[in-house]
Protein chains: 2
Amino acid sequence: MQPVRKDIHSSELPILCQSCEARHQGMCGALSPEQLVSLSRHTRRVHHAAGEELLADAMPITSYANVLSGVIKLSKVLEDGRQQVVGLQFAPDLLGRLFATESRVAAEAASDVALCVVSKSALENIIRENPALEHRIMLQTLRELDEAREWMVTLGRKTAQEKVASFLYLIASHIDPAHGEPCANFDLPLSRNDIGDFLGLTIETVSRQISKLKADGVIEITNYRHVAVPDLARLRIRCG
Amino acid sequence: MQPVRKDIHSSELPILCQSCEARHQGMCGALSPEQLVSLSRHTRRVHHAAGEELLADAMPITSYANVLSGVIKLSKVLEDGRQQVVGLQFAPDLLGRLFATESRVAAEAASDVALCVVSKSALENIIRENPALEHRIMLQTLRELDEAREWMVTLGRKTAQEKVASFLYLIASHIDPAHGEPCANFDLPLSRNDIGDFLGLTIETVSRQISKLKADGVIEITNYRHVAVPDLARLRIRCG
DNA sequence: CGGAGAGTTGAGCAATCTCAATGTCTGTGG
DNA sequence: CCACAGACATTGAGATTGCTCAACTCTCCG
């Protein structure tokens with residue numbers, strides 16, 4: 001798309017980007033080495049521990065971030081405290097509501113995460129000069145919208161059993177950075193409480209349904225968090 | 001953004017566009033008169049009656065369409081027939097999943113609708129040459145994503161009463177083309193069945209909750225479809 | 001007037017929630 | 001190394017919300 005000019009000043013990738021696994025899949029794949037160099041002057045890598053709040057609902061946004069590893073939980077709460085998780089972000093998703101001054105969701109590190117942070121103005125400037133980058137982000141946004149709608153079916157029309165199976169299948173499908181086939185062996189990035197908030201269920205119902213799937217031999221659980229799926233097709237069937 | 005050159009061949013708006021009320025709000029607002037002329041060579045205006053299917057889930061997409069008036073219902077169904085409405089589109093939304101070969105949802109005219117149809121390749125070509133247009137559509141997509149997430153809270157965490165109130169408030173807020181303040185007087189674009197499928201409720205529960213809101217004096221209903229809201233703030237409170 | 005389609009209402013039932021008790025893991029201090 | 005606190009998860013029993021099934025009503029239209 002963008003011709004890659006090689007000259008003495010720009011043919012080298014920035015150090016930060018050289019080791020970035022999210023680069024090819026994510027939005028930075030739309031950038032030439034020169035553009036990466038210029039963008040990387042405004043980025044820095046940061047780490048957050050599981051549980052840290054990254055963004056509060058309705059707070060001003062000052063920066064965006066590319067997810068490099070880990071899982072981020074996006075959620076909204078009603079006045080009386082009822083909470084709903086409205087999305088999960090994996091590498092190489094972009095964190096932060098583009099072109100808005102305020103966040104529309106709260107974001108929290110669900111696991112330990114690594115981010116590549118870029119200031120709001122820097123990214124927006126680069127987008128403005130670089131339609132291919134905006135296009136790439138557009139494709140990501142459209143995929144997020146597809147996934148949100150897929151999830152609305154789960155929330156509105158599935159039973160508790162199907163919801164839990166769908167959640168496990170979702171994680172199996174996304175946790176692997178390669179992002180291809182669903183994975184049969186993984187750690188849950190969310191507590192039972194968060195799973196309940198994602199599925200619109202109580203923690204007790206989530207627990208009961210997980211126990212049932214275990215009793216039926218569809219999954220094996222060790223240490224609460226680790227899941228093994230002997231037969232992904234059988235899990236898939238339980239998704240409704 | 002785009003300088004508007006006035007010359008004898010291009011200063012006139014296409015006839016179709018002159019009377020288009022969606023133009024300023026919608027994506028066409030990003031186009032200069034010249035660009036509108038060139039786009040309009042590929043567009044045609046079509047009407048559909050309430051109930052007509054516009055797009056089937058998983059079917060190839062051959063064209064996009066701007067909604068000029070009316071309401072479109074986007075939905076998904078599970079194998080066993082359970083249905084979930086995953087979005088409503090009003091003027092000036094763009095119908096059709098951009099940059100995909102297949103639709104991810106089914107689309108049906110919820111009311112009589114007028115559309116400005118453009119072939120898939122024509123719109124994608126114009127987008128390619130015109131980053132400002134893609135940007136405009138990007139903003140619309142981001143707003144749709146915000147709305148989908150807002151609705152996930154309703155589906156996952158609200159009671160039947162709050163769901164129905166939220167639905168009425170949503171319609172009150174969007175039905176007016178001006179799209180500013182919520183409207184106190186409107187016709188429901190959806191049957192009780194569709195409302196149920198939007199809210200993840202049965203038709204009976206929807207009916208009972210509407211009756212309850214009526215009994216409580218929050219709304220007045222005439223002829224099943226027409227709604228009057230004496231005090232929008234009181235309806236708002238019921239949304240949870 | 002009568003039939004079809006859409007909506008409402010009622011009664012009983014089932015899935016999920018609430019509340020409460022119990023179990024398991026992890027880290028800390030003696 | 002063990003005891004214990006605290007967080008998180010599981011399990012049970014009863015309450016509740018929303019669903020199912022069935023009867024009835026309203027409106028439109030021939």
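In the text below, chain A, chain B and the rest are named by the order of the sequence lines, each starting its count at 1. Since the structure is predicted, the reported quantities are computational estimates derived from the model, not experimental observations. We use all heavy atoms of the structure for the numbers below, so side chains are in, but hydrogens, waters and symmetry mates are not.
Counting non-hydrogen atoms under 4.0 angstrom, B:G196 reaches nothing in the nucleic acid. Residue contacts shown for A:G51 are absent, as no nucleic acid heavy atom lies under 4.0 Å away.
Here B:S119 pairs with B:S121, B:A122 under the side chain to side chain contact (heavy atoms under 4.5 Å, CB included) rule; sequence neighbours left out.
Pairs of residues two or more places apart, or lying in two chains, never qualify as salt bridge (charged side-chain N to carboxylate O under 4.0 Å, His left out) while including a residue from residues 46-68 of chain B. Legend: side-chain hydrogen bond (donor to acceptor under 3.5 Å, both in side chains) pairs involving residues 107-116 of chain B, not counting sequence neighbours, sorted by first then second residue: B:K73-B:E108.
From B:Q140, atom CD reaches atom CG of B:L142 across 10.5 Å, with rounding to the nearest 0.5 Å. Between the CG atom in B:L74 and the CG atom in B:L54 there is a gap of 9.5 Å [rounded to 0.5 Å].
The distance between atom CZ of B:R225 and atom P of C:dA6, rounded to the nearest whole Å, is 9 Å. Spacing between atom CD1 of B:I203 and atom P of D:dT20 amounts to 12 Å, rounded to whole angstrom units. Rounded to whole Å, atom C1' of D:dA9 lies 14 Å from atom CD1 of A:I219. B:I195 has its CD1 atom 17 Å from the P atom of D:dG18, to the nearest Å. Here the C1' atom of nucleotide D:dT10 and the CG atom of A:L201 are 16 Å apart, to the nearest Å. Remark: C1' of C:dG7 and CG of B:D194 are 14 Å apart, rounded to the nearest angstrom.
Residues from residues 186-193 of chain A lying near DNA chain C, meaning a heavy-atom separation below 4.0 Å, are absent. Residues from residues 206-216 of chain A that place a heavy atom under 4.0 Å from any atom of DNA chain D, listed by number: A:S207, A:R208, A:S211. Applying a 4.0 Å cut-off to non-hydrogen atoms, none of the residues of residues 76-86 of chain B approaches DNA chain D. Near DNA chain D, meaning a heavy atom under 4.0 Å away, there are no residues from residues 151-166 of chain A.
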Quick one: which protein N/O atoms are closer than 3.5 Å to N/O atoms of nucleotides 20-26 of chain C? Pair and distance per line, please.
| from | atom 1 | to | atom 2 | distance (Å) |
| --- | --- | --- | --- | --- |
| C:dT24 | O4' | A:Y224 | OH | 3.1 |

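Residue B:T205 has a polar side-chain atom (N or O) positioned under 4.0 Å from OP1 or OP2 of D:dC19.
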Which donor-acceptor pairs under 3.5 Å do the side chains of residues 229-236 of chain A make with protein atoms, sequence neighbours left out?
| from | atom 1 | to | atom 2 | distance (Å) |
| --- | --- | --- | --- | --- |
| A:D231 | OD1 | A:A233 | N | 3.0 |
| A:R234 | NH2 | A:D216 | O | 2.9 |

Extract all donor-acceptor atom pairs below 3.5 Å that involve side chains of residues 89-96 of chain B and protein atoms in other chains or at least two apart in sequence.
| from | atom 1 | to | atom 2 | distance (Å) |
| --- | --- | --- | --- | --- |
| B:Q89 | NE2 | B:L94 | O | 3.2 |
| B:D93 | OD1 | B:R143 | NH2 | 3.4 |
| B:D93 | OD2 | B:F90 | N | 3.0 |

Listing, residues 182-193 of chain B side-chain donor-acceptor contacts under 3.5 Å, not counting sequence neighbours, or none:
| from | atom 1 | to | atom 2 | distance (Å) |
| --- | --- | --- | --- | --- |
| B:N185 | OD1 | B:H226 | NE2 | 2.6 |
| B:D187 | OD1 | B:H226 | ND1 | 2.8 |
| B:S191 | OG | B:N193 | N | 3.4 |
| B:S191 | OG | B:D194 | N | 3.1 |
| B:R192 | NH1 | B:Y224 | O | 3.2 |
| B:R192 | NH2 | B:Y224 | O | 3.0 |

Which side-chain N or O atoms in residues 75-87 of chain A pair as donor and acceptor under 3.5 Å with protein atoms at least two apart or in another chain?
| from | atom 1 | to | atom 2 | distance (Å) |
| --- | --- | --- | --- | --- |
| A:K76 | NZ | A:R104 | O | 2.8 |
| A:K76 | NZ | B:E150 | OE1 | 3.3 |
| A:D80 | OD1 | A:R82 | N | 3.2 |
| A:D80 | OD1 | A:R82 | NE | 3.2 |
| A:D80 | OD2 | A:R82 | NE | 3.0 |
| A:D80 | OD2 | A:R82 | NH2 | 3.0 |
| A:R82 | NH1 | B:R157 | O | 3.0 |
| A:R82 | NH1 | B:E162 | OE1 | 2.7 |
| A:R82 | NH2 | B:E162 | OE1 | 3.3 |
| A:R82 | NH2 | B:E162 | OE2 | 2.9 |
| A:Q84 | NE2 | A:D197 | O | 3.0 |
| A:Q84 | NE2 | A:F198 | O | 3.0 |

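Counting all heavy atoms, side chain and backbone alike, A:R136 lies closest to A:G26 at NE-O, 3.3 Å. Taking each heavy atom of B:L145 and A:A148 in turn, the nearest pair found is CD1-CB, 4.2 Å. Taking both residues in full, the closest heavy atoms of A:Q161 and A:L213 are given as OE1-CD2, 3.1 Å, listed atom of the first, atom of the second, then distance.
Atom CZ of B:R225 sits in a crowded spot, with more than 12 heavy atoms from other residues, nucleotides or ligands closer than 6.0 Å. For A:R44, the CZ atom is loosely surrounded, since the number of other residues' heavy atoms within 6.0 Å does not exceed 12.
Between the side chain of A:K120 and the backbone N or O of A:A100 there is at least one donor-acceptor pair closer than 3.5 Å. In this structure, the side chain of B:S207 does not engage the main chain of B:I203 through any donor-acceptor pair within 3.5 Å.
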